[in-house]
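Within every chain, numbering begins at 1; the chains are lettered A, B, ... in the order of the sequence lines, protein sequences first and strands thereafter. A quick note: this is a predicted structure, and the numbers were derived from the prediction, not measured.
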Number of protein chains: 2
Amino acid sequence: MTTIREVAKRAGVSVATVSRVLNKKGYVSQETKERVLLAIEDLKYKPNDVARSLFKGKSKLIALLVPDIVNPFFPELARSVEDVCNAHGYTFVLCNTDNSMEKELSYITALQQKSVDGLIVVSSTLTKEHTEEIKVPIVSLDRTFSANVTTVKSNNRQGAKLAAEYLKSIGCKRIAHVTGPESASNTRERLKGFLDVVRNDDWFISDYIVTGNYNMLVAKEAITDLLLKHPEIDGLFAGNDVMAVGALKVAEQLNVRVPDDLSIIGFDGITLGETTTPTLTTVAQPIYKMGSRAAELLIEQINDPSILKKTEELPVELIVRQSTRKKR
Amino acid sequence: MTTIREVAKRAGVSVATVSRVLNKKGYVSQETKERVLLAIEDLKYKPNDVARSLFKGKSKLIALLVPDIVNPFFPELARSVEDVCNAHGYTFVLCNTDNSMEKELSYITALQQKSVDGLIVVSSTLTKEHTEEIKVPIVSLDRTFSANVTTVKSNNRQGAKLAAEYLKSIGCKRIAHVTGPESASNTRERLKGFLDVVRNDDWFISDYIVTGNYNMLVAKEAITDLLLKHPEIDGLFAGNDVMAVGALKVAEQLNVRVPDDLSIIGFDGITLGETTTPTLTTVAQPIYKMGSRAAELLIEQINDPSILKKTEELPVELIVRQSTRKKR
DNA sequence: AAATCATATGTAACGGGTTACATACACTGT
DNA sequence: ACAGTGTATGTAACCCGTTACATATGATTT
C-alpha cells in the first residue's frame with residue numbers, strides 16, 4: 001500500500017499539501033496541485049480509509065440489519081436503503097441477524113468498533129435498554145422497540161383491518177389469522193387490527209389465531225393443523241406474504257380450492273405474490289418508501305445527532321389479486 | 001468512547017499490559033489480569049477496531065458482492081457464506097452491485113480502503129485486468145473471469161445438458177432456451193450445454209435462443225415474444241429459476257398449459273421454485289455448498305496468500321417437479 | 001514605509017491499539 | 001557467586017491521514 005508520505009516525497013511536497021489536494025481544502029497552488037495529482041496517479045495511491053476513520057471517528061459506512069435475508073421482503077427493503085445511502089456518499093452493507101439477539105448484538109458491537117456512522121435495524125429482540133447503550137445513530141425500520149429511537153413503519157393495524165374487512169366483504173364467514181412471531185411489534189399490531197374487525201362476531205374463536213414465524217416452513221405446519229382442525233375456515237389473513245404463499249401451498253396439498261373454498265390475504269406486497277398461481281391478494285406496504293425514509297432520517301441524524309427522535313407511519317394499500325373470491 | 005489508556009490508568013498499569021490481557025498474549029500475572037478485567041468491565045471498554053485495523057492492516061471483515069440482491073438465489077448463497085465467515089470469527093457483510101461495473105469497482109475500492117480481509121464476488125463485469133489491481137484475497141463465485149482467481153462454480157454445461165436431454169426424453173420436439181446476460185460466464189456455459197444436445201437436430205433454429213438478463217421482467221418480455229412468434233415450442237430451458245417462473249406466468253397469460261403444452265425447466269434450485277403452481281422442474285445447484293466452499297477457500301487464502309489459485313466445480317442435479325410433462 | 005491580508009507550504013501532534021525492546025526480579029543450575 | 005531463564009511490566013515507536021499552528025512571500029491598504 002502506498003502512503004501519503006510516499007506521494008508527498010514523489011511530488012516534492014509535504015504530507016499536508018497532499019492531504020489538502022485530496023480533500024480540496026485549504027490553499028494549494030495550481031502548479032503544486034498538478035504535481036501532486038500526477039504523483040497520486042503514478043503511484044496508484046488510494047488513501048487508507050482506516051487511518052482517516054481513526055482520526056475522524058467517522059467511516060462513511062451505514063449498515064442495515066435484517067432478521068431474515070431469505071425473506072424477499074428484506075432484500076426489497078435493502079434496495080431502497082442502498083440507493084439513498086449511495087446517493088449521499090455512504091457505503092452500504094447488509095447484515096443478516098437470523099432473528100437472533102446474539103447475532104444482532106454481535107453485529108452492532110462489531111460495526112460500532114469499526115466506527116460505522118449509522119445503523120438501520122429491523123429487530124424484534126432489541127430493547128430500550130440495549131439501544132441506550134448504542135452510541136451510534138440508529139433508526140428502527142418496520143418494527144418499534146423504543147420511543148427513543150426514530151422509527152419508520154407502516155400502519156400495520158390499519159392494514160390488518162383492511163384485510164379482515166375485505167375478507168368479510170367478499171362473504172367469508174370464518175376467518176383465521178396466522179401471525180408472525182409474538183416478539184415483533186408489527187405482529188401485535190396486525191393482530192390488533194384483525195381483532196378490531198372480528199372480535200365481536202359470534203363465530204370468532206381464539207383457535208382461529210395461530211402463531212407463525214414470518215417464514216414459510218413454520219407457517220405451513222401451523223396452517224395445515226389449522227385447516228385440518230377447522231375445515232369451516234373460508235378466509236385467512238396471513239401476517240406476511242411468505243406465510244400467505246405457504247398457505248397457498250398447504251391449500252393445494254389439502255385439496256382446498258383458492259379462492260373458491262378459501263380466500264387468502266397476505267401482507268407486505270413483495271414481488272413473490274405476483275408469481276404464484278393464483279396471484280396473491282395482499283396488504284401492500286410502501287416498501288421502497290419505507291427503506292428510503294429510514295435512510296434519509298438516519299442520515300439527518302448522523303448530520304445532527306441532537307435532532308428529535310420521531311416515528312413515521314406510512315399508509316398501506318390493499319391490492320386485490322386472485323387469491324380472494326370476487327366481490328359481487 | 002473509552003480508550004485503552006483510560007483502562008490502563010484505572011487499573012494502575014500500562015497500556016501494554018492491558019493490550020496483553022485483551023489479546024491473551026505475553027506474560028500477565030493473575031492478579032494484574034483481574035484488576036485489568038475489572039477496569040474494562042467498570043468502564044464498559046470496547047477496543048476500537050479501527051485503531052487495531054490500522055496497525056494490523058487486517059479488519060476481520062469479509063464481504064460478498066452480488067449482482068442482484070432481489071434474485072433469491074443470492075440471499076440463499078449469502079446465508080452459507082455468512083455461516084462459514086461467522087464460524088471463523090469474521091464479520092460478514094453483503095453488498096449489491098446491481099450488475100454495474102461502476103458499483104462493483106466502487107465497492108471494491110471502498111472495502112479495500114477499509115482494509116477488508118477478503119472478497120467474494122459474483123461478477124460478470126470484472127476482468128483479469130481488474131483483479132490484478134486488487135491486492136485483497138478474492139474468490140469468484142458462480143462465475144469465472146480469470147484463471148488467476150480462485151473460483152467456485154457448478155457444472156453449468158453439464159446442468160444444461162441434463163435439462164435439454166430431459167426435455168427431449170419426455171417427448172419435447174421444439175425446445176427453446178432463454179439465456180442470462182451474455183457477459184456472465186455461466187450464461188455461456190449453459191448455452192453450450194444446451195447446444196451440445198440440440199445443435200444437430202433438424203428442428204433446431206437459432207430463433208429458439210433468446211437473451212434474458214436473469215431477472216423476471218426482461219425474461220417475461222423475451223419469452224412472450226418467443227412464444228407468440230413460435231407457438232410450436234413445447235419445451236423451454238430457462239437460464240435460471242427466476243426466468244423460469246417468469247415463463248410460467250407468461251404461459252398462463254397466453255393460455256399455454258404447463259406442462260401439457262409447454263414443459264419448463266429452470267436452473268438454480270431456489271426455494272421460489274417450490275412455491276409456484278405448478279412447482280418448477282429445475283437443475284439444482286448445491287447452493288449452500290457453493291457459498292460455504294467459497295468462504296472456506298477465501299479464508300484459506302487470507303491465512304496463506306501464497307496458496308495456489310484453483311477452480312472448484314460442483315455437481316448439479318436435476319430435480320423433477322410439476323412444470324415438465326411426465327415421462328412414460 | 002509599515003501594517004494587513006490572502007496565498008502557499010511545512011512541521012508535528014493526534015487518534016487508539018500493538019509490539020519491539022528495555023528493565024527488573026525471582027529462581028535454577030553449576 | 002554468577003550466568004541463564006522464565007516471568008512481569010513499562011516506554012515509546014509505529015500504523016497513516018488530518019489539521020492546528022507556524023512560517024514565508026507577495027500584494028494591498030493606510
Just so I know, are the side chains of [X] and [Y] near enough to count as touching, which here means a heavy-atom distance under 4.5 Å?
X	Y	answer
B/Arg143	B/Pro67	yes
A/Ser53	A/Lys58	no
B/Asn186	B/Asp142	yes
A/Leu64	A/Phe92	yes

Output yes when [X] and [Y] qualify as a salt bridge under the 4.0 Å nitrogen-oxygen rule, no when they do not.
X	Y	value
B/Arg79	B/Glu82	yes
B/Asp117	B/Lys60	no
A/Glu31	A/Lys33	no

Just the rounded figure in Å: distance from [atom2] of [N] to [atom1] of [X].
X	N	atom1	atom2	answer
B/Glu6	C/dG15	CD	P	11 Å
A/Gln113	C/dG15	CD	C1'	16 Å
A/Lys58	D/dT18	NZ	P	15 Å
B/Arg5	C/dG15	CZ	C1'	9 Å
A/Lys114	C/dG15	NZ	P	22 Å
A/Ile4	C/dA12	CD1	C1'	14 Å
B/Phe55	C/dT19	CZ	P	6 Å
B/Leu22	C/dG16	CG	P	15 Å

Using a cut-off of 4.0 Å between protein heavy atoms and nucleotide atoms, how would you tag nucleotides 6-11 of chain C 5' to 3' with B, S and -?
-> SBBBBB

Below 4.0 angstrom from OP1 or OP2 of [N], is there any side-chain N or O of [X]?
X	N	answer
B/Asn23	C/dT18	yes
B/Lys25	C/dT19	yes
A/Lys56	D/dT19	yes

Touch check for B/Ser19, heavy atoms < 4.0 angstrom, all strands: base, sugar-phosphate only, or nothing?
->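 Base, at least one base heavy atom under 4.0 Å.
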
With a 4.0 Å cut-off on heavy atoms, is B/Ser115 in touch with a base, just the backbone sugar-phosphate, or nothing at all?
->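 Contact class for B/Ser115: none.
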
List in chain and number order the residues that pass side-chain hydrogen bond (donor to acceptor under 3.5 Å, both in side chains) with B/Ser292, two or more places apart in sequence or in another chain; answer none if no residue qualifies.
->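 None.
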
For A/Arg20, enumerate each residue passing the side-chain hydrogen bond (donor to acceptor under 3.5 Å, both in side chains) test, keeping only those at least two apart in sequence or located in another chain.
->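 Listed in chain order: nothing, the list is empty.
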
Check the pair A/Asn148, A/Ser146 against side-chain hydrogen bond (donor to acceptor under 3.5 Å, both in side chains), reporting the backbone distance first and the verdict last.
-> CA-CA 5 Å; A/Asn148 217 28; A/Ser146 162; 5.5 Å; no

Residue-level proximity of residues 45-53 of chain B to DNA chain D when a heavy atom falls under 4.0 Å |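 The answer is none.
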
Between B/Glu182 and B/Thr187, is a side-chain hydrogen bond (donor to acceptor under 3.5 Å, both in side chains) present by the stated rule, with each step listed?
-> CA-CA 6 Å; B/Glu182 277 157 34; B/Thr187 293; over 6 Å; no

Which residues pass the salt bridge (charged side-chain N to carboxylate O under 4.0 Å, His left out) test with B/Glu296, sequence neighbours left out?
->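 Partners of B/Glu296 under the salt bridge (charged side-chain N to carboxylate O under 4.0 Å, His left out) test: B/Arg293.
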
Which angle, to the nearest 10 degrees, lies between the helix axes at the two ends of the helix from C/dA1-D/dT30 to C/dT30-D/dA1, each defined by five pairs?
->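 Taking five pairs per end, the axes differ by 50°.
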
